[in-house]
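A quick note: this is a predicted structure, and the numbers were derived from the prediction, not measured. Every heavy atom of this structure was used, including side-chain atoms; hydrogens, water molecules and symmetry mates were not. Remember, it's 1-based here, ligands and their atoms both numbered in the order they're listed.
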Amino acid sequence: MAAELDVLVVGAGFAGLYMVHRARGLGLSVEAVDAADGVGGTWWWNRYPGARCDVPSLEYSYGFDDDLQQEWEWTERYATQPEILSYLEHVADRFDLRSHLTLGTRIDRLSFDEDELRWRIHLDDGSARSARFVVMATGCLSAANMPDIAGADDFVGRTFHTGRWPHDPVDFAGRRVAVIGTGSSGVQSIPIIAEQAAHLTVFQRTPAYAVPAHNGPLHPADVAEIKADYRNWRAVARDSRPGYGGHVPRPELSALSVSDEERTAAYDTRWEHGGLLFLGAFNDLLLNTEANDTAADYLRARIAEVVDDPATAEMLSPDTIVGCKRLCLDSGYFATYNRDDVDLVDISASPIDRIEAGGIVVDGRLHEVDDIVFATGFDAMTGALDRIHIEGRDGRTLRDAWAAGPTTLLGLQVAGFPNLFTVTGPGSPSVLTNMVSSIEHHVDWISDVLASMTTQGRTTVEATEAAQQEWVAWVNAVADLTLFPSCNSWYLGANVPGKPRVFMPLPGFPDYVAHCTTVAESDYPGFTFG
Ligand code: N01
């Protein structure tokens, strides 16, 4: 493997693999490095029971190659983790990417050499690289958030984190299991763990809103219809707010402009269809609290219908804005609480006191368990970048630059870090969209920059401080127009103690894509070239 590269890519998930493919296509020497022993990124690590995507398979997949999308056969509406992983392995083989990958190796340190105008890269196997460009394809949800709970080391049973699940099958049969956390990972894994375990205790800090997934096998006729017009299907998706579901009619009405019956009928239709586009029932659900309340009331009523015990139903009913935390997809989640062998412990008012050898103590009471599953999420969007020592101009680290919260231009570059790009970085729509749509858009945009620099003999590209400040202000202003910042979500960094509270993703995918195109067509205002 060449020590001197044109492009070093960090990560070999959806973003890293496509970046390698594009960079090689430009005739650049490229290598991707990933700590995992295989490709897949998120889908390599998140192997917990029930792990599957919440964006439909036919859209949560690459659109850059028509043969690939025509040939690959998804089996279910929402693909399972193993199926997505085998898809990414197929992509790595089909496009002959493996010779460009260094797996099972972590990048310890990246530093920009201002004399040579190259990045120096140190890997944990003791080897080094030098590259003109570095592309951080590190994922938005890849740095596991493990809460610091007193006594955790004393626990004698097994512990797991959903985002770092073992590769060997985990057998919960006959065991008393605790799950801490009720976000998407908890909501997906809890019904399956409950079926396997002798007893399950769920520790809930904040209840989650969930709509039915209505997952099931894909019908060949529906797949054929999409594949007959796949390019157009993708184009329509790219033009939709979340980067998928472009064929679903856009909401034109306010939830407050219709009668109660019409509103309920609209929610019923979305409920019966299932999926995250429930929030598209009206055009103001994430803009107006009163409108949002109508959705919240609807979803709470649905919980009360399913959960037999009114006290448990009450505990499971959120009182927050619907959608300000990512909505979850339910495949038997709420019904699980009707089982005699499942208990729910509310830790909103009184957090876990400590973990002891035999279990978890809350309010002085020991809940005896054999296994603890931490479904406690991620240090989202910045965590994976923070965990690498990245040193830009004047020895300034990215950690220091982002001490008060992440700052980027377009979510793609950080001032003071020349020739370093972040795929789906903070300040871009990323996690508010179909990630694959955002990833393809970013990788294409970065590839265009690299191509134009080669043509024009430019050596460095860097966001200006002024343009970055303007962009950050814009992202905050847009977020403040919405209800997104209104609760303690990982979008805001609120789930990680001490993390600055900044709303990190930018709502509004199509406008963002159009803006990035204008920037490229205008020779990149806001960026300087050396
Ligand atoms: O993580 P989360 P996740 N003590 O942060 C709780 C994507 N994803 O892995 O809300 C006790 O959402 C925390 O409580 P609170 C998707 O984008 C997608 O579930 O902070 N509890 C919360 O209940 C998703 O949004 C899919 O009060 C603690 C839970 O742990 C994102 O990944 C599947 C705690 C964490 O929920 C993250 O989802 C899985 C503590 N110290 C993930 N710390 C699909 O595609 C945290 N919690 C379907």
Side-chain angles (χ1 to χ4, degrees), residues 41-43 45-57 59-60 77-81 84 139-150 152 160-165 178-191 202-213 215 242 244 274-276 316 318-320 323-331 333 344-355 360 362 372-381 383 424 430-436 438 484 487-499 501 504-505:
T42 288
W43 302 102
W45 296 107
N46 285 267
R47 296 165 182 254
Y48 59 85
R52 65 170 79 238
C53 190
D54 56 6
V55 173
S57 328
E59 306 203 60
Y60 189 83
R77 179 180 182 189
Y78 299 105
T80 60
Q81 173 271 331
I84 301 172
C140 292
L141 295 160
S142 48
N145 173 39
M146 197 66 175
D148 186 14
I149 300 177
F160 306 94
H161 189 285
T162 48
R164 285 287 175 274
W165 202 260
V179 174
I180 303 176
T182 52
S184 299
S185 304
V187 165
Q188 278 187 329
S189 56
I190 282 166
V202 177
F203 294 83
Q204 172 188 271
R205 186 162 73 180
T206 311
Y209 289 106
V211 292
N215 187 39
Y244 75 101
L276 300 179
L316 288 166
D319 60 3
T320 47
C324 75
K325 288 188 178 195
R326 190 180 175 98
L327 200 55
C328 298
L329 291 196
D330 179 4
S331 294
Y333 172 68
L344 179 64
V345 178
D346 181 356
I347 53 169
S348 58
S350 94
I352 293 171
D353 294 335
R354 63 186 179 280
I355 294 178
I360 298 176
V362 177
I372 302 176
V373 174
F374 290 89
T376 44
F378 303 90
D379 182 351
M381 304 198 71
T424 62
S430 62
V431 292
L432 298 179
T433 69
N434 170 8
M435 281 301 285
V436 188
S438 277
F484 278 119
C487 66
N488 293 326
S489 67
W490 58 256
Y491 298 139
L492 270 169
N495 60 328
V496 176
K499 189 167 174 173
R501 280 179 80 103
M504 294 181 282

Using a 4.0 Å heavy-atom threshold (strictly under), name the region of [X] that reaches ligand 1: side chain, backbone, both or neither.
X    : value
L141 : side chain
A380 : neither
F378 : side chain

So is [X] in contact with ligand 1, going by heavy-atom distances below 4.0 Å?
X    : result
Y60  : no
I347 : yes
L329 : no
Q204 : no

**Message:** For the 3.5 Å polar cut-off, considering only N or O atoms, please tell me whether T162 and ligand 1 meet it.
**Reply:** no

**Message:** Evaluate W490 for polar contact with ligand 1, using N/O atom pairs at a separation under 3.5 Å.
**Reply:** yes

**Prompt:** If we only count heavy atoms from C-beta on, is the V373 to I180 side-chain gap below 4.5 Å?
**Reply:** no

**Prompt:** Under the salt bridge (charged side-chain N to carboxylate O under 4.0 Å, His left out) criterion, do D346 and R205 qualify, and how do the steps go?
**Reply:** CA-CA 6 Å; D346 181 356; R205 186 162 73 180; over 6 Å; no

**Complete:** Filtering Q188, M435, R205, H161 for the heavy atom nearest atom 46 (C) of ligand 1 leaves R205

**Message:** With side chain to side chain contact (heavy atoms under 4.5 Å, CB included) as the test, pick out the partner of L432 among P242, P505, S438.
**Reply:** P505

**Request:** Could you tell me the residue and atom name of the protein heavy atom closest to atom 17 (O) of ligand 1, and the distance to it rounded to 0.1 Å?
**Result:** R326 CD, 2.8 Å

